[in-house]
Amino acid sequence: MEPRESWAALAAGGVAGVCVDLILFPLDTVKTRLQSPQGFRKAGGFRGIYAGVPSTAIGSFPNAAAFFITYENVKSMLHHDSTSYLTPATHMVAASLGEVIPFSLVQFPLWESLKDLWSWKQGHVVDSWQSAVCGAFAGGFAAAVTTPLDVAKTRIMLAKAGSSNASGNVLAALGGIWRTQGLSGLFAGVVPRMAAISLGGFIFLGTYEKTRQLLLWPSPAGPAGGRRSAGEAAELEEESARDRSLPPAAPSPCRSSCSAA
């Protein structure tokens with residue numbers, strides 16, 4: 001990656017992290033209270049759901065910035081030596097080095113795969129809003145499959161000193177939840193978690209893509225007065241280079257009528 005691209009990833013990641021935390025912090029508080037062994041009401045209900053927002057927003061900028069500059073640099077380095085069927089593994093490695101949590105290992109390879117599929121279907125690189133939609137689907141799926149781990153983490157964090165969950169053993173916490181509450185306990189709060197993280201994925205990844213595009217390409221205007229992404233610009237450069245190497249083509253008999261249409 002060029003230094004300009006690294007700085008763009010750094011700044012765009014920080015902006016995206018602040019935006020998503022300011023908007024979704026209350027939903028995460030509600031989700032945590034739903035997963036509390038005390039029950040939602042005793043854990044606080046809807047009281048003080050905005051408490052702690054400023055400190056969270058301040059901390060989210062460097063965290064998200066560090067994640068994305070690591071993710072983009074590792075992805076760029078590994079892509080040079082990887083084949084197409086190894087691309088998801090490349091994204092998993094890049095995500096794990098940026099943030100070592102199971103959620104990222106599911107979300108980011110799926111996000112990249114959905115973007116690639118959509119780009120292939122429409123014949124050009126996805127726009128920032130399309131990337132946001134892919135982020136929403138990837139985030140919702142990752143949220144669903146990792147809910148049991150999130151429930152176990154919440155129980156450990158809220159455990160009283162001396163209790164079985166206070167030891168921090170995730171497998172023991174999962175086993176205890178399964179024995180006492182079954183499948184419904186393992187997936188407690190899955191619906192609000194999926195809703196919050198789907199919305200978070202839309203805001204986080206959409207904001208990241210749009211901010212990064214604006215930082216990298218401040219002047220070239222794309223269709224309908226929009227901005228061209230780095231991928232679109234590269235495609236246009238390749239097409240232009242191919243056109244320059246070809247002899248002039250004979251005029252098409254339908255060119256004037258097609259243009260008028």
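Closest approach of G140 and S198 over heavy atoms only: CA-OG, 3.1 Å. Nearest approach of A143 to M194, heavy atoms of both residues: CB-CA, 4.0 Å. Listed here is the closest heavy atom pair of L10 and A65: O-CB, 3.2 Å. Between A64 and G17, the shortest heavy-atom distance links the atoms CB-CA, 3.7 Å. Here the closest heavy-atom approach between residue S60 and residue D21 is recorded as CB-OD2, 2.7 Å. K115 and S131 get closest at one heavy-atom pair: CD-OG, 3.5 Å.
Between F204 and F68, the ring planes lie tilted relative to each other; the angle falls in the 30° to 60° range.
The main-chain N or O of W129 is never found under 3.5 Å from a side-chain atom of D127 such that the two would form a donor-acceptor pair. Under a 3.5 Å cut-off, the side chain of Q213 and the backbone N or O of K210 do not form any donor-acceptor pair.
Looking at R33 and T29, their side chains come closer than 4.5 Å, going by heavy atoms from C-beta outward. Side-chain contact check for L24 versus I197: every heavy-atom pair is 4.5 Å or farther apart. No side-chain heavy atom of V30 sits under 4.5 Å from any side-chain heavy atom of P192. Contact of the V145 side chain with the F103 side chain is not registered, since no non-hydrogen atoms from C-beta on lie closer than 4.5 Å.
Hydrophobic clustering keeps V18 apart from F67 (ILVMFWY residues linked when any side-chain heavy atoms are closer than 4.5 Å, directly or through intermediates). Transitive grouping of hydrophobic side chains (ILVMFWY, heavy atoms separated by less than 4.5 Å) brings F187 and V191 into a common cluster. Under a hydrophobic-cluster definition in which Ile, Leu, Val, Met, Phe, Trp and Tyr are linked whenever side-chain heavy atoms come within less than 4.5 Å, directly or via other members, V151 and L34 are assigned to different clusters. Under a hydrophobic-cluster definition in which Ile, Leu, Val, Met, Phe, Trp and Tyr are linked whenever side-chain heavy atoms come within less than 4.5 Å, directly or via other members, V15 and I69 are assigned to different clusters. Both F141 and V126 are part of a single hydrophobic cluster, where members link through side-chain heavy atoms under 4.5 Å apart.
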### Message
Go through it in stages, so that I can follow the logic: the residues are L215 and R4, the test is side-chain contact (heavy atoms from CB on, under 4.5 Å), and I'd like the CA-CA distance, side-chain angles, deciding distance and then a yes or no.
### Response
CA-CA 9 Å; L215 292 172; R4 186 164 174 249; over 6 Å; no
### Query
L186 and W178: side-chain contact (heavy atoms from CB on, under 4.5 Å), yes or no, with the steps?
CA-CA 7 Å; L186 289 174; W178 171 258; 3.6 Å; yes
### Message
Run the side-chain contact (heavy atoms from CB on, under 4.5 Å) test on V20 and L199 for me, step by step, so that the C-alpha distance in whole Å, both residues' side-chain angles and the decisive distance to 0.1 Å come before the verdict.
### Response
CA-CA 9 Å; V20 76; L199 180 58; over 6 Å; no
### Message
Pair C134, L205 - check side-chain contact (heavy atoms from CB on, under 4.5 Å), show working.
### Response
CA-CA 9 Å; C134 295; L205 297 174; over 6 Å; no
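For W118 and W111, the ring centers sit 6.0 Å or farther from each other.
The distance from atom CD1 of I177 to atom OG1 of T154, rounded to the nearest 0.5 Å, is 8.5 Å. The distance from atom NZ of K75 to atom CZ of F108, rounded to the nearest 0.5 Å, is 9.0 Å. Interatomic distance, K153 NZ to L149 CG, rounded to the nearest 0.5 Å: 10.0 Å. Interatomic distance, CD1 of I49 versus CZ of F25, reported as 9.5 Å (0.5 Å rounding). To the nearest 0.5 Å, the span separating CG on N63 from CD1 on I58 amounts to 12.0 Å. The distance from the NE2 atom of H124 to the OG atom of S119 is 8.0 Å, given to the nearest 0.5 Å.
Side-chain contact annotation: R193 with T146, donor-acceptor N/O pair under 3.5 Å present. Side-chain atoms of Q122 and Q130 form a donor-acceptor pair, as typed in the model, at a separation below 3.5 Å. Defined by atom type and a distance below 3.5 Å, a donor-acceptor pair is present between the side-chain atoms of Y208 and E72.
By the neighbour-count criterion of 12 heavy atoms within 6.0 Å, atom CZ of F40 is densely surrounded, having more than that number from other residues, nucleotides or ligands.
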